[in-house]
Amino acid sequence: MLPLSRRLETVFGSRITSLPHPSQRLLLLAALEGVGDLGVLQAATRQANDGYDLDDLTPAERDQLVHIDEGARRLTFRHPLIRSAVVENSTSGERRAVHAALAHVLVDQPERQAWHLGEATLEPDENVAALLEHAARITLRRGDAAGSMRTLIRSADLTPPGPDRSRRLAEAAYVGAESTGALPSAQKLLDDARHTAPGSRSCLHSAATTAVLILNGDSDVDTAHRLLVDAIETGTHAYDADDKALVDALHALALVCFFGARRDLWQPYYRALEKLTPEVPVVLSALGKTFSDPARTGAAATKELDHLVAELAEMTDPVPMQRTGSAALYVDRLGDVREAQWRMVRMGRDGGPARRHMAGLIHLCLDDYLTGMWDEAAQLADEGVQLCEAHGYTAFAWYFLYVQALLAGARGDADRADATAEGVIHWATRRRAFCAAHYAHHAAAVAALGRGDFADAYEHAGAISPAGTLASHAPHALWATMDLVEAAIRTDRRTEAAAHVRAMREAGVARISSHHALLMEACAALATTDDDEALALFTKALAVAGAERWMFDFARVQLAYGERLRRVRATTESRGPLSAALSTFEHLGARPWAERAETELRAAGSGRRRPGVSKAHTLTPRNWRQPGSPPPA
């Protein structure tokens with residue numbers, strides 16, 4: 001027996017073929033027009049010049065195949081299978097004729113006109129191919145990456161043999177790899193592009209697509225970097241800021257450089273920006289400051305970020321939404337772009353581009369961690385891992401694994417945190433994706449601090465950036481400053497801690513954001529041996545405007561302040577910051593940190609004990625301390 005849908009289509013088909021020919025023709029016109037706009041249908045009927053008019057729809061309306069709303073000037077099919085049955089019962093010649101008539105009347109809707117022209121055309125036609133290419137870019141800006149990819153493929157099909165066909169296939173491959181998540185299809189399209197025009201290996205979209213495929217394959221960052229730089233620097237193109245392929249290639253290069261986390265990788269990017277005319281796109285300029293070496297240049301991008309954020313309010317194109325999110329990350333502006341990132345996630349959940357969906361999740365996860373929305377961060381990270389697995393985006397799974405490890409470590413599941421971090425470090429090191437390794441080392445450092453293994457914490461934090469320097473073009477070193485300084489102090493490395501504080505001050509990290517101003521002053525307080533100076537610095541840190549937004553780090557500073565107060569015998573005064581820190585840690589579920597705060601509170605004379613924590617399992621100042629480290633009090 002046929003499936004129900006097929007049986008229904010057969011029934012509808014018999015009713016359609018029993019209609020007069022003019023009715024069948026008008027139903028086909030309505031089915032292929034797709035919107036049901038009676039004005040368009042009427043104009044196309046006149047264009048066809050076959051003597052039919054909308055009155056010929058009456059038999060179909062009486063048979064309840066369609067409904068015509070005179071007020072809204074709309075035709076709708078009574079069932080979706082009626083539309084497909086209409087198309088199924090037509091000939092290819094009839095369909096082409098209808099598409100041609102529709103293309104003629106849709107001159108004010110270039111996307112739709114180009115699509116109908118493409119469907120009406122059999123032979124290669126450069127004019128039609130060019131219209132389809134333009135339409136594909138409009139479709140992409142609207143957020144329909146899959147539709148854009150299909151339109152570009154049709155454009156390539158109708159392009160006469162030669163470089164333009166290869167270029168359009170390469171652009172379709174780029175959209176597939178960089179937006180839709182169709183990596184196998186992208187690889188096939190890329191192979192077709194190279195076969196069509198073997199000399200087009202330097203094509204910018206071809207290089208950008210290959211770079212994405214390399215990152216998600218078994219090769220390394222340096223290979224992807226060489227390929228992109230060669231295409232950008234040795235191609236015959238001009239450095240035109242309006243050249244979409246060049247701009248896309250530069251964005252791909254920025255991503256590759258970020259993955260590599262080395263100064264030498266970024267130099268070709270900077271050279272290319274210097275050559276762009278008439279001016280560098282704002283987002284490329286911002287990425288060159290905030291995504292590369294934010295410790296030194298991030299604060300200089302404030303005005304550019306203001307401009308980019310202001311444009312997001314009414315934006316529907318997910319590409320600039322994603323790129324602005326990346327530019328906002330290390331200057332702590334993710335809060336300003338949250339709604340745009342949620343729009344990308346909602347698009348993705350509704351079947352939109354997987355890569356944009358993924359980027360939105362990444363940015364939301366990181367902001368959630370920093371601002372204390374840990375339960376949401378955990379949920380979004382799980383969604384991200386599943387999305388990466390479904391689409392083969394292995395190169396981006398580490399972001400979500402990092403968030404999972406970070407939360408596990410902060411909440412006391414050190415074994416899970418260490419295992420996850422170790423896996424990411426192994427994956428990243430083999431591919432020279434050192435930024436991913438830095439993220440994993442950060443998660444491992446937080447886990448080590450939570451369990452009181454300060455020597456291990458120091459080793460992991462130092463793997464991101466050695467004490468006494470903020471490694472060049474290693475942006476995640478900014479997130480591990482307090483981890484490194486605290487671990488250095490706890491392992492009696494005061495010289496190294498002081499050197500790191502000097503490096504932070506010399507770089508001017510406090511100018512970046514309230515988050516880094518908080519960490520700057522807290523690190524200085526931890527590193528000084530002068531108790532009065534330390535207390536003044538802690539007070540200054542906690543008074544930074546907006547610092548309370550960074551919930552976990554703010555509570556860590558409160559904890560360190562309370563510990564220092566108790567050390568100088570200001571026992572009563574220590575209870576305020578210690579109690580506040582404990583409340584935050586309990587809210588976050590940061591069990592090791594809550595136990596540490598509770599231990600300090602009891603030592604300060606507070607009788608408060610969290611439910612479920614027995615005296616026998618409570619850490620004391622003595623057993624919290626690592627061998628060889630100075631006592632906390």
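Heavy atoms only: backbone and side chains are in, while hydrogens, waters and symmetry mates are out.
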Legend entry - Met149 to Leu189 - nearest heavy-atom pair and separation: CE-CD1, 3.5 Å

Inset, instruction - Check Thr324, Asp306, Thr290, Thr302 against Arg333 for a side chain to side chain donor-acceptor pair (under 3.5 Å) and give me the one that passes. - result: Asp306

Inset, instruction - Report yes if some heavy atom in the side chain of Ile232 is under 4.5 Å from a heavy atom in the side chain of Val229; otherwise report no. - result: no

Inset, instruction - For the residue pair Met358 and Phe400, establish whether any side-chain heavy-atom pair is separated by less than 4.5 Å. - result: yes

Inset, instruction - Return yes if a side-chain donor-acceptor contact under 3.5 Å exists between Gln404 and Thr420, otherwise no. - result: no

Legend entry - Salt bridge Asp317-Arg356, side-chain N to carboxylate O under 4.0 Å: no

Inset, instruction - Please report the shortest heavy-atom distance between Ala172 and Ile153, naming the atom on each side. - result: CB-CG1, 3.9 Å

Inset, instruction - Would you check if there is a donor-acceptor pair between the side chains of Asp191 and Gln187 at a distance under 3.5 Å? - result: yes

Inset, instruction - Decide yes or no for Glu171 and Thr209: does some side-chain heavy atom of the first lie under 4.5 Å from some side-chain heavy atom of the second? - result: no

Legend entry - Minimum-distance pair of heavy atoms, taken over all atoms of Val424 and Ala436: CG1-O, 3.6 Å

Legend entry - Donor-acceptor side-chain pairing of Ser292 and Tyr270 below 3.5 angstrom: yes

Inset, instruction - Count the heavy atoms belonging to other residues, nucleotides or ligands that lie under 6.0 Å from NZ of Lys188, then report whether that count exceeds 12. - result: no

Legend entry - Shortest non-hydrogen contact from Leu329 toward Leu366: CD1-CD1, 3.6 Å

Legend entry - Minimum heavy-atom distance Glu233-Arg271, with the two atoms named: OE2-NH2, 2.9 Å

Inset, instruction - Indicate yes or no: at least one non-hydrogen side-chain atom of Arg431 is less than 4.5 angstrom from one of Asp218. - result: yes

Legend entry - Within 6.0 Å of CZ in Arg349, more than 12 heavy atoms from elsewhere: yes

Inset, instruction - Could I get the full list of side-chain hydrogen bond (donor to acceptor under 3.5 Å, both in side chains) partners for Thr481, not counting sequence neighbours? - result: none

Legend entry - Separation of Trp593 CH2 from Leu449 CG (nearest 0.5 Å): 4.5 Å

Legend entry - Residues Arg556 and Asp483 bridged, charged N to O under 4.0 Å: yes

Legend entry - Pro318 vs Met347 side-chain heavy atoms within contact, under 4.5 Å: yes

Inset, instruction - Using a strict cut-off of less than 4.0 Å between a Lys/Arg side-chain nitrogen and an Asp/Glu carboxylate oxygen, indicate whether Glu133 and Lys244 qualify as a salt bridge. - result: no

Inset, instruction - Taking the side chain as every heavy atom from C-beta outward, state whether Met504 and His516 have any atom pair closer than 4.5 Å. - result: no

Legend entry - Arg511, CZ atom: more than 12 neighbouring heavy atoms under 6.0 Å: no

Inset, instruction - May I ask you to check whether over 12 heavy atoms, not counting those of Glu422, lie within 6.0 Å of atom CD? - result: no

Legend entry - Salt-bridge criterion met for Glu506 and Arg296 (N-O under 4.0 Å): no

Inset, instruction - For the pair Arg451 and Asp456, find out whether any cationic side-chain nitrogen is under 4.0 Å from an anionic carboxylate oxygen. - result: yes

Legend entry - Any side-chain heavy-atom pair of His357 and His391 under 4.5 Å: no

Inset, instruction - Identify the two heavy atoms, one from Ala145 and one from Ser179, that lie closest to each other, and give their separation to 0.1 Å. - result: CB-CB, 3.6 Å

Inset, instruction - Could you verify whether a donor N or O on one side chain and an acceptor N or O on the other, from Glu311 and His307, lie under 3.5 Å apart? - result: yes

Inset, instruction - Answer with yes or no whether the side chains of Thr234 and Asp230 bring together a donor and an acceptor at under 3.5 Å. - result: yes

Inset, instruction - Start with the C-alpha distance between Tyr402 and His476, add both sets of side-chain angles, then the distance that settles ring-ring contact (aromatic ring centres under 6.0 Å, His included), and finish with yes or no. - result: CA-CA 12 Å; Tyr402 159 73; His476 215 63; 5.4 Å; yes

Inset, instruction - Evaluate the side-chain proximity of Tyr393 to Leu183: yes if any heavy-atom separation is below 4.5 Å, no if none is. - result: yes

Inset, instruction - Mark yes or no for whether Ser513, through its side chain, and Val331, through its backbone, hold a donor-acceptor pair below 3.5 Å. - result: no

Inset, instruction - Taking only Lys NZ, Arg NE, NH1 and NH2, and the carboxylate oxygens of Asp or Glu, determine whether Asp413 and Arg411 approach each other closer than 4.0 Å. - result: no

